[in-house]
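We name chains A, B, ... by the order of the sequence lines, and we start the count at 1 in each one.
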Number of protein chains: 4
Amino acid sequence: MLIELIPNLSYQAATELIERLEWMGFHVVRQGNDTLTLVSGVDKLVNMEGLATLPGIAKIQPLKSRFKLASRESKSADTQINIKNVTIGGGELFVIAGPCSIESEAQLLACATVAKNAGAQALRGGAYKPRTSPYEYQGMGVEGFKLLSKVANLHGLISVSEIMDTNQMEEALPYIDILQIGARNIQNYSLLKALGKIDKPILLKRGFATTYQELLMAAEYIMVGGNPNVILCERGIRTFETYTRNTLDLNAVPSLQEMTHLPVIVDPSHGTGVRSLVPIMARAAVAAGANGILVETHPHPDLSISDATQTISFASFTKMMHEIKAVHCLVKSFTN
Amino acid sequence: MLIELIPNLSYQAATELIERLEWMGFHVVRQGNDTLTLVSGVDKLVNMEGLATLPGIAKIQPLKSRFKLASRESKSADTQINIKNVTIGGGELFVIAGPCSIESEAQLLACATVAKNAGAQALRGGAYKPRTSPYEYQGMGVEGFKLLSKVANLHGLISVSEIMDTNQMEEALPYIDILQIGARNIQNYSLLKALGKIDKPILLKRGFATTYQELLMAAEYIMVGGNPNVILCERGIRTFETYTRNTLDLNAVPSLQEMTHLPVIVDPSHGTGVRSLVPIMARAAVAAGANGILVETHPHPDLSISDATQTISFASFTKMMHEIKAVHCLVKSFTN
Amino acid sequence: MLIELIPNLSYQAATELIERLEWMGFHVVRQGNDTLTLVSGVDKLVNMEGLATLPGIAKIQPLKSRFKLASRESKSADTQINIKNVTIGGGELFVIAGPCSIESEAQLLACATVAKNAGAQALRGGAYKPRTSPYEYQGMGVEGFKLLSKVANLHGLISVSEIMDTNQMEEALPYIDILQIGARNIQNYSLLKALGKIDKPILLKRGFATTYQELLMAAEYIMVGGNPNVILCERGIRTFETYTRNTLDLNAVPSLQEMTHLPVIVDPSHGTGVRSLVPIMARAAVAAGANGILVETHPHPDLSISDATQTISFASFTKMMHEIKAVHCLVKSFTN
Amino acid sequence: MLIELIPNLSYQAATELIERLEWMGFHVVRQGNDTLTLVSGVDKLVNMEGLATLPGIAKIQPLKSRFKLASRESKSADTQINIKNVTIGGGELFVIAGPCSIESEAQLLACATVAKNAGAQALRGGAYKPRTSPYEYQGMGVEGFKLLSKVANLHGLISVSEIMDTNQMEEALPYIDILQIGARNIQNYSLLKALGKIDKPILLKRGFATTYQELLMAAEYIMVGGNPNVILCERGIRTFETYTRNTLDLNAVPSLQEMTHLPVIVDPSHGTGVRSLVPIMARAAVAAGANGILVETHPHPDLSISDATQTISFASFTKMMHEIKAVHCLVKSFTN
C-alpha cells in the first residue's frame, strides 16, 4: 500500500514512523519526500484502522497492482536515472552503442569515437557472452570490463556490459556503470536479488517469452532489494516468424510506459537480427516513445566475432543517429 | 523466369511472342512494357536454349524467389496503385479510417467528414463481419456496401470493405473500391483465386500466424490470376503476450518492402487492441516506412457495436493524423 | 438456455412449443427427445418468468458457456455419429487413412486394401489441395471425389475429403461421406454456415493459431445451422520450434473432451511433419483419449506428390494400427 | 570428433594418448572404454592426417552435430544413470513425485509413503522456489533439503530438488541426489558450467521458449564440464493457448530420443497446469516413449502453498501410477 505522509513531516518523525512500520513487519520503501510504499504481501492481514492512527500518516492507499514498486500506480512520475551528466528516462534520448563482444582496445576505441561523435552517451561491449553453445566464443572476461571502462572514460561515455552471475557482478562493479542482465537471465531470481543490493543502474532485457507483467516482476525483485534504478529493454520475442531472428514487439514501449514509471529502451539489433532492418526499427522504436536505443556497431561488421548479421557499420550508425534524433525531437513536440 | 523484350518491340510482335509462350504451356504476365514474367512451376522443364531463340526476346533471367510475381526480384520498382486521384504505394501516405461495423448512415457521415478533414483518403466500414461467435453481430450485409459507397462518394473518399466469399465479392463489386480480405481468409485459396479475376485493388491482411512468405504467396494467388493490385496489411500476430490483443510486428514493414514491390500498410487498431496505444503505434508504423495506415474510429467509440476497446475517438484520430503526416514527411526526407 | 420438456410430451405439443418459441425470436435446436437448446444471444432480454409458464416446459436452465450447442454444459452425453455401421465418438477407435493427394485409382486401391486389412474404417484423399503456393499441385478436382468414392465403396470404407468452398462442397456431396475443413478455413464463416445446411458429418481441423474456444465456436457455426455432426481434429499448432512442422498439442484432447460432447480425433501426420514420429504420436494421442486418428499413408511415401516427409509406409501403418488398438483397449479399461 | 581406440588398448597407452591430445589443445571426454570425444570447436584447425598417426587410434570420425557429447551421433547407446538401485534411461519407468513446495515433515512423509507404495522411485519437493513475484512464498531454504533427504532416505527414495544458483548447489550437495534446474535457468550458463563439475545427476527442464537444439546445448554445457548424467525434462512451452498453463509438447519425447542418448522425462503438472489433465497426459507421455514422469502431488492439493491447481490428490496419483505402468509395459512390448 501507499502511505502519504503529512506535509513537512520532520526527518525524525518520518524515521520513527518507518521504524514502527518495519517493526510491524512491513518492508518500507521511501519514494520521494512524502510517500512510503509498504510491501510484503501483508496487505491482507494488517489492521487498516489501527494503521491509520499512527502519527505522521496523512492518507493510506491500497495498491491493486501486483508490482508494488514498479507500477505507475505506486509512483506516477517517470523515474529519471542520473549518471555522468546524463539523465535516462527524462526528455533526452539515451543511446548505447558498441560491439557485441569486446575484441580489442582498438576496436573499442573506434566504436567509442564514432559513438561519441554521433551523440551516443554510452558504450557497450560484451566481456562475458551468454552463448547457446559451449563451443562458441565465451568472451574476454574481466579484462574486457577493464578495457571498456578505460575507453569509455577516455571519451566521457557511460560503460554498459552484461553480467551473468554474482561473481561477474563483483568483477564488473569497479569498472562498469550500468550492468546489463540478458534475456536468458530475466528470471534468474538469485541474480536479481543480488542486484537489488548494489547501487548501479541495471539494464534489464526482456526474455524470449516473457510477458510485460513478468518483466515488471523481475524489475520488482531488484527494486524491493533497494535498487530503484532499473531500465527496461525490449529486444524482441520468439514467434513462428523466421525471416527475422526475433519479433520486435514495439507495443511493449507504450504498454510498459502505461504500466510503469521506469525508462523503456529498445534493442533493434536483437529485435530484428537483420542488419538492413536495424536503423529502420530504431526509428520506429523512437516514434513509439522509447527512452533510448541499444545498438550493435563494429568497425568491420562482417568480421564481428559474434552477432555479425545484425551489427551495423559506422556509416549506417551515424546516419541512424541523425534520423532517430530528428524523430525523437518531432515526437517530443507532439506531447507538449 | 523473366523475359526482357527487345527494345521497342512492336505490339504485334509482342502479342505473337506471348501467344507462342502460352502455347508452350507458360502462364505469361506482362509487367510494364518491356518485361514478361513466365510462371507455372515449369522453369525446370523448359528447353532454355530453344526458348532464347524465339523472336523478340532480349534476355532471359531465371527467378529464384518462390513468389514469381510478388517478389522484388521480378519487379524492382514499387507497385503504385492509382484510384480516384490517389496513388497507393507512391510517396503519399494512404490512410483508411472508419468504424469497425457500419451501423447507420449518420455514423458513416460523421466518420467521413472527420476522415476527409483530417486528410484520410479512404473510408472503411464492415458490412459483413467475421465474428468468432455465430451469436455476435454479423453485419448489415449488402445494404452496408450501398451506404458506404454513397457516403464515400459524397466526400470523394475511396470505399474499403471486407468480403468473405465470392457472393459477397459480387455484391460488393458495384459499390466498393478496395476489397479487404481479413486475417481469417488469408489462406482461403478459392476466394483468392476469384479475386485474381476482378479489376479492383485487394487489401490483404496478414493472418494470426502467417509468415511473410505465406502472406506473399497469398498475394501471388491473386496476382497470377491477373490482378496485380494487392496491398499488404500487417495487423498483428498471435503470441503469448496477453496485455495487447495481438503483437504488432512492425519488422514486417521493412522486411516485406525488401521482399516485394507491393505497398505495405499497417492496422494499429487490431495490432494492439488497446485504444490508448493506437495513435502511438500508427506513428511507429509510419516511422518504420509503412505506405499507409488502417484505423478504426467512431463518433462514440464506447458505443461501437464491435471492437470498441480498440476504436479511437475523432479527437484522437485528428491528432493522430497530424502526427503521422509529420513523421511521414520526416521519414521521406531521410531517403532523399 | 436449455429447456427441459415435461416427460412424454406429445409430438404435437412439442411442435407447438417450438413454433411458439421461434415466433418469439429464438433459434431452437432439439437435442435428443427431451431437451431444447435456445440460442440467439437473446438470453439477456427474455422474460424468463413468462417463458416458464409456456405449456410443455419442465425446467429452464441458463447456459453460461459461449458455445451454446457444442458445450458439455448443454449436452453432457458424448455425441455419437453413426455412418455406414461405424460409430464415431463411441467406444470404437475411428481411423482415417490414405494419401495426402489422390493421384490415381491404383494408389487409392493400394491404400484402401491396407487400411481395411489393418482395421481402419475410413479412406481419405485430397481432391482439392490447399497449397501455400499457387505453383504447387492443386489436386485432381471432382474426378478425385469420384475415384475416392468408388474405391472406398469397394472396400466398405467411409470416404473423407477436404473441400475449400461451397462449389467444392456441392461437388463432393454425391461422393464423399465426411467433408473435411482444413486448418486454413477454420474461420471461413461463409463456408461454415453452408456446412450447417447439409446432412453429412464435418471433420473440422483446428487452425495453426486457433484456441480451443475458437475451434468450438467454429463448430458452433455449423451446429447452429442445423448440422450437429461435427468431429474436431487436433493437427498441431504453430510455435517457435522448427524441428517439427507443427507442435502437436495433445493437451487439446482431454481439454476439448471436458469442454464439449463432440468427438475429438488427432492427426499426427501434420502434427509432427516427420515420418518417424507419426506412429509414436498416434500412440500418445490414443493414450490421451482421442476418439480417432487421421494419418497419411502411401504405397511409396517418398514419391508422394505432397506431404512426402510425413507420409508413412504401409508397413509402418500396419504396425501402428496394432499398437494404437492395443493402447486404445488398455485406456478403455481404465475408465471402466 | 570421435576417436575410436584400438581394441584392448592398455590403460597407460590410453592415458598417454589423452594427455597428448589435451596438450594439443583438445578437450577430451572418454565415452565407454573404446571411444574418445574431442571437442572445443577445434575441428576445423587440426591436422587430421597428423592426428591419425598418433599411437592408439583406430579410427577418426568427424561429428556433424553441434552438440558433440549429447548427440546420438557421438554415442548411439542410451545413457543409463544408476542411482540407489534405480536405473534411469533403461527399461524401467522412472517416477518422481511430491509436492511443489516442501511445507513440513508431515507433508513430505505423507507424500513419500504414497509415492513408495505406488511404485515411484523418487521424492521431489521445492526448498527454493523460483516465483514470478518477490512477494510470493520463496521456500524453506536449506532446511527443506535436510527434511527432504531425511524423508527420502527413510523410504529408500531418491531425493530431487531445484537449485537456482551455486550457493544453493553447495547447500544441496550433501542432501539431494538429483539436482533440478528449472525452466527459468535453462540458459543460466554460469550455473550450468558449475553443474559440470559435480558428480550428481542433473534434471534439466526445458525453458518456456527453448528449442530442442537449445535444450541439448544446455545439456552440453554440463557434459563438457565433466558430468555426463543429464536427464532432460519436457514441461510445456508457452503458446497462445490460455486454457492450459503451458502447451505440453510431447513431440519432444521421440524427437529428443532421435537426437540424443540422454533420458527424457515429462512433467505433465506444469505441462498442463490443470489437475484433471495431469494423469491423462502422464499416460500420453509414457505412450510417447518417455523414460519417466515428474508429477506434483500433495495430501491436500487445494491447500498446496504453490501450484495448487495442477497438484493431484493421492488417490488420483495412485490410479495414475497403475495406468502409466500398464501403458509403459505395453509400449515396451512394441519394440521387442
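Ranked by heavy-atom pairs shorter than 4.5 Å toward chain D, the options Q168(A), M164(A), Q138(A) are led by Q138(A). Per-residue counts of heavy-atom pairs under 4.5 Å with chain D were compared for F208(A), Y221(A), F240(A); the largest is that of Y221(A). For the set T239(D), V224(D), L216(D), N188(D), the count of heavy-atom pairs under 4.5 angstrom toward chain A peaks at N188(D). Note: P134(D) leads A209(D), P130(D), P134(D), G225(D) in heavy-atom pairs under 4.5 Å with chain A.
Contacts between R238(A) and chain D at a heavy-atom distance below 4.5 Å involve the side chain alone, from C-beta outward. Contacts of N185(A) with chain D are made by side-chain atoms alone, with heavy-atom separations under 4.5 Å and no backbone atom involved. For T210(A), the part lying near chain D is the backbone, with the side chain staying farther off; criterion is any non-hydrogen pair under 4.5 Å.
When all heavy atoms are compared, the tightest approach of E214(A) to T132(D) is CG-CG2, 3.8 Å. In terms of heavy atoms, K68(A) sits closest to Y135(D) at CG-CE1, 3.5 Å.
Checking R184(D), R131(D), K129(D) one by one against Y189(A), the side chain to side chain contact (heavy atoms under 4.5 Å, CB included) holds for a single residue, R184(D).
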